[in-house]
Amino acid sequence: MILIGRLAVAWTTVALFLLFGDAWLTDLASGLRAALFFLWLFVIILWCAFGVVEQADHLADMLGDPLGSLVLTLSIVIIEVVLIAAVAIGSDATPTLGRDTMFGVLMIALNGGVGLALLLGGLHHREQAYNLQGAVAYLAVIIPLSSVALILPNFTQAVPAGSLTVIQAAFFSLFTILLYAIFLLIQTRRHQDFFVDAQSGRSAGAGAGRQAGHGPSAAAMIRHTGLLLATLLPIVLLSGRLATLIDHGSAALAAPSALGGVLIAVIVFAPEGISALAAARANQLQRSINLCLGAAASTIGLTVPAILIIGLVTGKTVILGLDPTGMTLLALTLILSTLTFSGPRTTVLEGAVHLVVFLVYVVLIFSP
C-alpha cells in the first residue's frame with residue numbers, strides 16, 4: 001500500500017505541475033506561496049528517492065554482484081546528477097553547484113552520518129566492531145579522488161582557479177572512472193570479505209558484496225525494474241520545477257550559494273543515512289560504514305565525470321575547487337576519518353568528534 005500511495009502521489013504531482021506548473025511558478029512574489037511549492041516538491045522528490053533506493057536494493061539482491069551493487073550505486077548517482085543538471089542548466093549563477101553538492105554529500109556522509117552512527121551505536125553498545133580492511137579500502141579511494149576533484153583544480157595554471165581545461169577534465173574523468181571501477185571489482189569480486197562483518201561473516205548490506213540470489217524469476221526482475229523507473233521518472237520530471245524554486249529562493253533570500261548543493265545532498269544521502277543509523281543502533285556497524293563511506297565513494301567516483309560532461313555539453317563553467325575554508329574542512333575530515341578507522345573498534349568519542357566537524361560545516365554554510 002505504501003508503494004501504491006507513493007506512486008499515486010508522485011504521479012499526481014507530476015500531472016499537476018505539467019498542467020499548471022508554468023502558471024503557478026510565473027508569479028512567485030509571495031514568499032509563502034513559493035515556500036509551499038518548494039516544500040511540496042522537495043518532500044515528493046525525497047519520498048521518491050527513498051522508493052528508488054528500495055527498488056534498486058531489491059534488484060541488487062536478485063542480481064548478485066557485481067551487477068547488483070552497480071545498479072544500486074547508479075540509481076543513487078542518477079538522482080544526484082539529474083538534480084544537479086536541472087539546477088545548473090536552469091541558472092547562470094551556479095557554476096559551483098556540482099562542487100557544493102559533492103562536498104555536501106562528503107560532509108553529511110563522512111561527518112554527519114558516520115558521527116551519528118558511531119554516537120548512537122556507542123551509546124547502546126559501548127564499543128562496536130567492524131571490518132577494518134573494508135573501511136581502509138573505501139578511504140583509499142575517497143582520499144585521492146576527493147583531493148583531485150575538489151582541491152587540485154585550485155592549483156592548476158592553465159585556467160582560472162577552481163576549474164579545468166577540456167584535456168584535464170577528460171583525463172581526470174577517465175582516471176576517476178577507472179579507479180572506481182577497480183574498487184568495484186575489489187568490492188564485488190576479489191575481496192568481498194573486506195565488506196562483511198568480520199565476526200559473523202554476514203553480508204553487511206549495500207555495497208558489501210551481495211551474494212547471488214536463488215534464481216529470481218523474470219517476472220520479479222521486470223516488476224522491480226518497472227517500479228524503479230516509475231519511481232525515478234517523477235524525480236526527473238519535477239527536478240526542473242524544483243530548480244526554479246531553488247534559484248528563486250536563493251536570489252530572494254540572499255541565501256548562501258552552497259545551500260542549493262546542500263539540499264540536493266540531503267535528498268541523495270537521506271535514504272542511506274536513515275538505514276545507516278538503524279543499522280548502528282542494531283549493532284550492525286559494518287552495514288553503517290558501507291552505507292556512509294559507500295555514498296561518499298560513489299559520489300566522487302561517478303558524479304565528478306558526470307558534472308564535467310554536463311559542463312562540456314552545455315558550455316557552462318564548472319568550478320570544482322573548494323574555497324580555503326572548504327579545503328580545510330575536507331582535509332580535516334579525511335585525516336579524522338583515517339584516525340577513526342585505524343582500529344578495530346569504535347566508541348562514542350569518535351562519533352562526537354565527527355559530529356562537531358559536521359556542525360562546524362553547517363555553521364559555515366550560513367556564516368562563511
Side-chain angles (χ1 to χ4, degrees), residues 50 53 57 60-61 65 69 72-73 76 105-143 146 183 186-188 191-211 266 268-300 332-362:
F50 276 90
V53 172
D57 204 39
D61 284 330
D65 285 318
S69 290
L72 181 59
T73 298
I76 297 168
V105 172
L106 288 177
M107 292 295 104
I108 294 172
L110 297 181
N111 288 320
V114 168
L116 280 174
L118 297 185
L119 185 64
L120 189 62
L123 289 173
H124 282 82
H125 307 287
R126 294 183 62 85
E127 293 185 356
Q128 289 185 291
Y130 65 97
N131 195 325
L132 179 61
Q133 290 175 301
V136 169
Y138 278 119
L139 292 176
V141 173
I142 293 170
I143 291 173
S146 60
F183 171 74
I186 294 297
Q187 182 188 39
T188 60
H191 297 289
Q192 294 185 33
D193 54 309
F194 287 5
F195 304 92
V196 298
D197 191 321
Q199 292 181 330
S200 67
R202 291 180 291 108
S203 173
R210 289 175 171 81
Q211 304 299 321
V266 169
V268 171
F269 184 69
E272 293 178 297
I274 292 175
S275 296
L277 296 182
R281 194 177 188 281
N283 203 22
Q284 298 174 0
L285 184 61
Q286 186 62 49
R287 176 174 171 80
S288 292
I289 291 173
N290 287 335
L291 288 166
C292 293
L293 299 191
S298 62
T299 290
I300 294 296
L332 176 59
T333 298
L334 296 178
I335 293 171
L336 180 58
S337 297
T338 302
L339 293 174
T340 296
F341 299 114
S342 61
R345 304 182 74 86
T346 62
T347 67
V348 294
L349 176 61
E350 290 88 351
V353 175
H354 279 277
L355 276 181
V356 167
V357 176
F358 175 70
L359 293 175
V360 169
Y361 162 71
V362 172

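Values below: every heavy atom of this structure, side chains too, minus hydrogens, waters and symmetry copies.
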Rounded distance [0.5 Å steps], [atom1] in [X] versus [atom2] in [Y]:
| X | Y | atom1 | atom2 | result |
| --- | --- | --- | --- | --- |
| L116 | I108 | CG | CD1 | 11.5 Å |
| I289 | Q284 | CD1 | CD | 12.0 Å |
| L291 | E272 | CG | CD | 6.0 Å |
| R281 | Q128 | CZ | CD | 11.5 Å |

Within the structure provided, determine whether [X] and [Y] are in side-chain contact (heavy-atom separation under 4.5 Å).
| X | Y | result |
| --- | --- | --- |
| I143 | T338 | yes |
| N111 | Y361 | no |
| E127 | T346 | no |
| L106 | T333 | no |
| L139 | F341 | yes |
| F50 | I274 | yes |
| S146 | L334 | yes |
| F358 | L110 | no |

Of the non-hydrogen atoms in A295 and T299, which two are nearest, and what is the gap between them?
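Closest approach of A295 to T299, heavy atoms only: O-OG1, 2.9 Å.
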Closest heavy-atom pair, A296 versus I142, reported as atoms and distance to 0.1 Å, is CB-CD1, 3.8 Å
Please confirm whether the backbone N or O of A117 pairs with a side-chain atom of S288, one donor and one acceptor, at under 3.5 Å?
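No, the answer is negative, given that no donor and acceptor are paired below the 3.5 Å cut-off.
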May I ask you to decide if V53's main-chain N or O and D57's side chain share a donor-acceptor pair within less than 3.5 Å?
no
Test of understanding: with side chain to side chain contact (heavy atoms under 4.5 Å, CB included), list the residues that count as partners of T340, not counting sequence neighbours.
L118, L336, E350, H354
May I have the step-by-step check of side-chain contact (heavy atoms from CB on, under 4.5 Å) for I76 and F269, ending in yes or no?
CA-CA 8 Å; I76 297 168; F269 184 69; over 6 Å; no
With sequence neighbours left out, write down each residue that passes side-chain hydrogen bond (donor to acceptor under 3.5 Å, both in side chains) with Q133, or none if nothing qualifies.
none
